Each structure stands twice: as structure tokens, then as C-alpha cells.
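In what follows, every heavy atom counts, from backbone to side chain, and hydrogens, waters and symmetry copies are set aside. Bear in mind that the values here come from a model prediction, so they are computed numbers and not experimental data.
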Amino acid sequence: MLYLSKFGITPEEAVRVWKLFGPQSAEMVENDPYCLCDESLEIGFNRADSIAASLEMPKDNNCRIRAGLLHVLKHNIYNGHTCLPTDKLISTSAKLLGTEFELTSDTLEALKAEKSVISVSFKGREFIFTPKQYRSEVYSAGRLNMMLSFPAQPIIGVDDYISEIENTFQIQYADGQKLAIKQALSKGILILTGGPGTGKTTTLNAIIKILKLKGEKVLLAAPTGRAAKRMSELTGQEAKTIHRLLEVEWNENDIPVFSKNEKNLLDCDALVIDELSMVDTVIFEALLRALPLGCRFIMVGDCNQLPSVGPGNVLSDLIAAKRFPVVQLNEIFRQSMQSLIVTNAHKIVNGYMPELNIRNNDFFFMPYNNSDEISSIIVDLCKFRLTASYGYSPFTDIQVLSPSRKGKLGTKELNKKLQSAINPKEKGKNEIVINGILFREGDKVMQTKNDYNLTWTKFDGTSGEGVFNGDMGTICDINRRSSTVTVQMEDRIVLYEMEALSEVELSYAITIHKSQGNEFPAVIIPMYQCAPQLSYRNLLYTAITRAKSILILIGTKKAIEKMVSNNKISQRYSGLYYFLTEDHTNEK
């Protein structure tokens, strides 16, 4: 600890280093500081590079170049890529390290030779994977292809079941819905996609009803707690988060693992996953590993939503592969046609401007040209107008969504203003500052990273562990004596140690990216100048489709036009499509 403290390594980090390297820890760090880049240590390349610089190691040191290449590859996993083209990886790494292209390229060849990275060619271009991402996508492709070879038993007489449900519940299914029901019940796999108001839920309910009539056990799951809760409400069936469904546990290195896997399969005849656009490569692999052979797999999502926060492009790759039954519902149903939120969302996704001049529906545009005015109106709507007119609570019903974290209309500044207005400082109301963020009892907050160690207790006395990225709640108690903070997340009470609050932020305003999988009664979105990379169509579409009852855009028409006209979709490098459609027997 004393030796490593010279380099800014904390005692907690030093213990992890000792556990990994033992009595040789100090010697190993002195000889190769980049050994600290091991994922289990959570120290990272930049800090290891600073230590190497303090030890006066040369920039072209082989250990440094190796670590730099792996750092760039792993960093891009957090940007959504499961792999990178070799030329991009080498050029980006050489620029970061300040080393020659050829020397960096030679080092990559050595990493390939020892299988520290995996090389695959797609359409004549070489891509580099980490072993974990490679195994994940190769397994998923192989498992899906196996499911096509060994499908679930088709259900006979589907047309009769559809007619029976239509007569019993006075429903008339559209042709696309009937096709989806038939595909789900006659094939082993179905991908059901479509925008708001196109009848995905109605279709799904029919599939579930028929499966249950046939005595099949159906499990439902979604990526987030809110998405699972909404799925439960819409289907009348219990839906779990994917983590709960797969029974997440922790190994000896405190790394999450799923107890449901190929050796301990899910007990079901059919699995339905909602919000598939949010599911990343690793979670998708885990789901497939736990599926019994012959189990139906029904995947529901909106291909126009933002892709998953984690790596991969699962929904888009599955659709593009054209190997699985895909039904895209496009027809907006009559009752949904009355909602401007629905009709404007469809206009936006098709590249047309939304209707902004109607004042008596559920979609409102408030034109303002000044960022200070916009933020003041947002505060006024949250504190007074929506509360007075609709009885909405700014804590549970109203959600401000911003494209950006930065700027006057970014989430950081808006949260400060909203906190001050909605939950002001009061005598007897405890406060604490963590990493520059003021938290106050009564504040609306959000978990920003998966934390599998956090314990929670439900009101019925049941308890468990794990709070996940995007979970939202309210601070009930800040206890300085015990250094704990209590947060209520719907029906769960979560106890945080003070340091764990570094993974929590105020959530009166959240980014559109963080809102994925959620739905709120009222949504407010500032429409003003923001970074060009955040002014695109899918981002606006995703934000608008988070609103259940009321959507308010505040700002300039020009900002809306800019987002609607920009259909540039960020390219994600992934291999699932290629592994599904091409033979890859010569990977290196």
C-alpha cells in the first residue's frame, strides 16, 4: 500500500492488486505499470500511463503499445462497438500513444498471435475483437442458427384461436397482427417491431393467450425495471428484468454471473423479451444460453429507437440478416390516430416535420428563442402548471429529457434549477455533497451504473441485491452518523453507503439516452442549440415516444427541423450480422 500510494493508488485498489499479483505486486508494477490495466483492478490505461511516465519508461515500450491497443479496443466497447476495423484501431492507437504506425501494427500482430485479440475478415476487411465480445457474438449466431434447425412445435389451428379471441374480446386484428400471431405460433423465433400505436401490445397479448390456452409456460422480461413493470401492466402477466430472470449472482472476484445458463435452463416453453433495441450483445448471449432447446423466442422492439447503451446492434443485425421471421407493424390504429404524440412520432421517423400548431391535443410546442427563458418555463411547468392543470407530480409523473448533459439546457444545469424549485432547502431536511453534486432528502435520483452489491428490501419483507443503470427513486433519508443514504425505488428500499452515491445523480432532468425503456405521463424536452452529434432524428423520436399522455417541446422550430432532417445514424461496428450470414471458419 505504501509503495503504490506514491502513484495515487488507493488502499482499496492496492488490496485488489495484492489479490491479483500477491507478494510480487510492487515488483510487477515497477517492471510493467500496464499490468494495472487488468479489468478486475478498475485502474485503467491513463493512470497506468502516468505511473509509467513517472518511472521514465520510453513511449515506444512494447508493454505500453500493447496496453494502448487494448485500451482503444475496450474503450470503444463503451461506445457501442463489439469490434473495430484493423486500420482504425492501429491509426487511433498510434495517435493516442504518439508511436509509429508500423510499430503499432507489429504489436497488434503479436497480440493476434497470442490470442489476446481475435481477427476476423468481413467482406475483405479485417476487424479486431476482444475474446469476450468475439465469443459472445459467435455463440449468439450459432445458437440462433441451431434454433432454426430445431424449432418449437408448431401450434395447429391458429386461425380458429384468433377468431375465438376476436369474438370473445370484440377485437378485429389487422392483417399484420394476424401474420405476427401465426409466425410466433408456427415458428420457433419471431421478431415483432413497429412504432407507437401500431398494435404491438395487442398482438403480443393474443400470442400469450393462445400459448396459455395450449398449456405452455410463458416467461416475460425486459431490460429495465420500468420497462418490465409496464410490460406487466399491459399484458396482465408478471414480467421480470432480464437480470432477475437469469438470476444474477457474483463469483469470487465479485463479477456478476447468471445462474441461469446452459447447465441450469429457464423453465419455460416460450420467452418474450420486450424493448429488444436496448439489449446488448453480452445480455443477449446470456439469454440464449439459458433457453431450452425447442423454446419459442419472441422478441419485441422498435427498430427506430436508439441502440443499446452496451455494445452491439442486436435488433438491427437480426433484422438485416433476413434469417428469422420479422413482422413490422406500420398501420396506426384508429384510437391511436387521435394522439398527436403517436402521429407526430411517425411523421418524425419518416422525415417529416411534426404538427406544431394544434393546441387541444397531447403534443404541444412552446416557441422560445432564449435558453434562460426556456429553462425558466421548464421549471414553471414542473412546479406549477402541469401540477395545477393535471395533478401531475414533478417527482413521479413529469420527466424532463434533454439531448445533452452540458450547457444551460443540459441535465446538470436543469437539475440544479429544478431541485432548487421543487425540493428547496428547508430546516430539518438533511443534505450531503458527493463529487460536487448536492443531494437532499426528497430528491429524485437515478442509478447510473449497474451495482450488483447494493441490497434492497421490499415492503413485503423480501430482500435481494442489485440496482441497475436507469433505476429511479427518491431519497428518503440521509444519515450522517451511519454514513448511509436510503432511497425508495418504487416498491424497494435501497440502502447506499455514502461512497456508493458516486454512481447516483439527480434525475429531475435526464438525458434522452438514459430514458430508453421508460415511459412517463408527461415529458418536457428543450429544443435549442446542442452539439451536432446530438441533433439527429432517432434521438428526437426516442424522446417523443417516452411520453404517455403529454409531450411538450420548448424552444425553436429551427432546432426541431435540424433534428428531423438529420437521419445520420451512428455506425456501430459489430459482427453478429456477419456471423449469422457468412461462414467464418478461418478466424485468427
Side-chain angles (χ1 to χ4, degrees), residues 306 339-390 392 394 397-422 424 506-515 520-547 549-568:
L306 295 171
S339 165
L340 262 187
I341 293 173
V342 172
T343 55
N344 276 340
H346 284 271
K347 282 185 176 182
I348 288 165
V349 86
N350 288 304
Y352 300 105
M353 276 293 286
E355 175 61 64
L356 301 177
N357 298 320
I358 296 174
R359 302 289 181 199
N360 61 347
N361 206 287
D362 55 5
F363 186 111
F364 303 93
F365 172 60
M366 301 175 71
Y368 285 91
N369 293 306
N370 180 284
S371 58
D372 289 327
E373 279 186 310
I374 294 169
S375 64
S376 295
I377 293 294
I378 289 172
V379 170
D380 189 46
L381 283 165
C382 291
K383 186 174 182 180
F384 298 113
R385 294 201 213 176
L386 290 175
T387 305
S389 299
Y390 300 95
Y392 285 152
D397 301 319
I398 305 168
Q399 187 58 60
V400 178
L401 302 182
S402 175
S404 175
R405 293 177 60 85
K406 299 176 182 177
K408 285 186 176 181
L409 296 172
T411 57
K412 283 190 173 182
E413 288 302 315
L414 285 173
N415 270 318
K416 288 178 186 175
K417 290 192 173 185
L418 289 164
Q419 179 192 48
S420 178
I422 296 166
L506 297 173
S507 63
Y508 301 100
I510 62 175
T511 62
I512 296 168
H513 282 88
K514 285 286 186 187
S515 73
F520 310 96
V523 168
I524 303 168
I525 310 169
M527 285 281 107
Y528 200 59
Q529 300 164 354
C530 69
Q533 66 268 27
L534 293 172
S535 293
Y536 61 98
R537 189 185 300 170
N538 281 42
L539 194 72
L540 179 59
Y541 172 78
T542 299
I544 285 170
T545 53
R546 300 308 91 206
S549 302
I550 290 178
L551 186 285
I552 304 172
L553 300 179
I554 309 173
T556 67
K557 190 176 179 180
K558 184 178 178 182
I560 299 170
E561 287 173 342
K562 188 177 178 182
M563 293 186 84
V564 171
S565 63
N566 181 11
N567 195 30
K568 185 177 179 182

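Annotation: the span from Gln419 atom CD to Ser507 atom OG amounts to 11.0 Å, rounded to 0.5 Å. To the nearest 0.5 Å, the span separating CG on Leu306 from CD1 on Ile512 amounts to 8.0 Å. Separating the CD1 atom in Ile560 from the CE atom in Met353 is a distance of 5.5 Å, to the nearest 0.5 Å.
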Can you check side chain to side chain contact (heavy atoms under 4.5 Å, CB included) on Ile550 and Val523, steps first, answer last? CA-CA 6 Å; Ile550 290 178; Val523 168; over 6 Å; no
Derivation of the side chain to side chain contact (heavy atoms under 4.5 Å, CB included) call for Thr545 and Ile341: CA-CA 7 Å; Thr545 53; Ile341 293 173; over 6 Å; no
Please step through side chain to side chain contact (heavy atoms under 4.5 Å, CB included) for the pair Val379 and Leu418, ending with a clear verdict. CA-CA 6 Å; Val379 170; Leu418 289 164; 4.0 Å; yes
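Using modelled atom types and a 3.5 Å distance limit, the side chains of Ser535 and Asn566 yield no donor-acceptor pair.
Listed for the Glu355 side chain is no donor-acceptor partner under 3.5 Å among the backbone atoms of Lys347. Of the possible donor and acceptor atoms, none in the side chain of Asp380 sits under 3.5 Å from a partner among the backbone N and O of Ser376. Side-chain atoms of Asn361 do not come within 3.5 Å of backbone N or O of Phe363 as any donor-acceptor pair. For Asn350 (side chain) and His346 (main-chain N/O), a donor-acceptor pair under 3.5 Å exists by modelled atom type. Judged by distance alone, with hydrogens and angles left aside, the side-chain atoms of Gln399 form a donor-acceptor pair with the main-chain N or O of Tyr508 at under 3.5 Å. Distance alone, capped at 3.5 Å, is enough to place a donor-acceptor pair between the Tyr528 side chain and the Asn369 backbone. No donor-acceptor distance shorter than 3.5 angstrom exists from the side chain of Ser420 to the backbone of Lys417, with no hydrogens or angles considered. In this structure, the side chain of Thr511 does not engage the main chain of Ser404 through any donor-acceptor pair within 3.5 Å. Of the possible donor and acceptor atoms, one in the side chain of Arg537 sits under 3.5 Å from a partner among the backbone N and O of Val564. Looking only at distances, no side-chain donor or acceptor of Arg546 sits under 3.5 Å from a matching main-chain atom of Leu401.
Applying the side-chain hydrogen bond (donor to acceptor under 3.5 Å, both in side chains) test to Asn538 and every residue at least two apart in sequence or in another chain returns nothing. For the side chain to side chain contact (heavy atoms under 4.5 Å, CB included) test, residues two or more places apart in sequence or in another chain that qualify with Pro521 are Tyr392, Asp397. Listed by chain and number, the residues in a salt bridge (Lys or Arg N to Asp or Glu O under 4.0 Å) with Lys383 amount to none (sequence neighbours excluded).
In the displayed structure, Lys412 atom NZ is contacted under 6.0 Å by at most 12 heavy atoms of other residues, nucleotides or ligands.
Glu561 has no carboxylate O lying under 4.0 Å from a charged side-chain N of Lys558, or vice versa, which leaves the two without a salt bridge.
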